[in-house]
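Scope of the values below: all heavy atoms of this structure, side chains included, with no hydrogens, waters or symmetry mates. Keep in mind the model is a prediction, meaning the values are calculated, not measured. Each residue takes its place number in the sequence, starting with 1.
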Amino acid sequence: KSIGEAQTSRQHLNTYKARHLRAKKLKEAFLKEFPEEDRDRIHLTVAPWGNHLLYRANKQLSDRVRESLIKLDKPPEKVR
């Protein structure tokens, strides 16, 4: 393998700080929405500090996870 291929296929630890939802609820929503075949290739957990999610995935999958978390982490709709 070339160095570039090795870096994109290697798994990295990433963090996401939830802004509007609790990390536990965001994790549950993410697992419902993310495709089942890809869920086996990531490791996702709630960090013991703050309101962070920790996830381990390769570069391409990591980008998809982050985009999905950002899309799901929206403020709740206000009811009048």
Side-chain angles (χ1 to χ4, degrees):
K1 281 186 172 179
S2 71
I3 293 174
E5 289 174 351
Q7 295 222 344
T8 57
S9 65
R10 190 171 145 210
Q11 291 195 343
H12 294 279
L13 182 64
N14 302 284
T15 63
Y16 178 78
K17 178 165 179 27
R19 299 185 192 317
H20 303 287
L21 298 176
R22 299 297 307 157
K24 185 176 180 179
K25 293 218 179 254
L26 184 57
K27 176 184 174 184
E28 292 168 0
F30 172 80
L31 291 175
K32 285 181 188 174
E33 188 213 75
F34 210 66
E36 192 170 334
E37 62 273 2
D38 291 334
R39 273 187 250 152
D40 295 337
R41 300 185 319 169
I42 63 167
H43 303 283
L44 182 70
T45 189
V46 177
W49 68 88
N51 196 26
H52 289 78
L53 284 173
L54 304 174
Y55 58 98
R56 183 177 296 276
N58 66 22
K59 178 70 173 141
Q60 290 115 355
L61 198 53
S62 175
D63 292 340
R64 286 182 46 213
V65 169
R66 177 166 291 281
E67 289 172 10
S68 181
L69 289 172
I70 290 170
K71 185 178 86 175
L72 291 169
D73 190 19
K74 299 288 181 199
E77 292 182 18
K78 293 183 180 179
V79 178
R80 294 185 178 188

key: Residues in side-chain contact (heavy atoms from CB on, under 4.5 Å) contact with N51, at least two apart in sequence or another chain   =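 Expected list: K17, A18, R22, A23.
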Connected-component partners of L26 among ILVMFWY, side-chain separation under 4.5 Å =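 Same cluster as L26: Y16, L21, F30, L31, F34, I42, L44, V46, L53, Y55, L61, V65, L69, I70, L72.
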inquiry  = Under 4.5 Å side-chain heavy-atom separation, chaining through any Ile, Leu, Val, Met, Phe, Trp or Tyr, what else clusters with L13? Say none if it is isolated.
reply    =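 Result for L13 is W49, L54.
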task = Look at the side chain of R66 and the backbone N and O of T15, then say whether any donor-acceptor pair between them is shorter than 3.5 Å.
result =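 Yes, R66 side chain to T15 backbone: donor-acceptor pair under 3.5 Å.
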query = Any salt bridge (Lys or Arg N to Asp or Glu O under 4.0 Å) pairs touching residues 28-54, not counting sequence neighbours?
reply =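 Found E33-K71, D38-R41, D38-R64.
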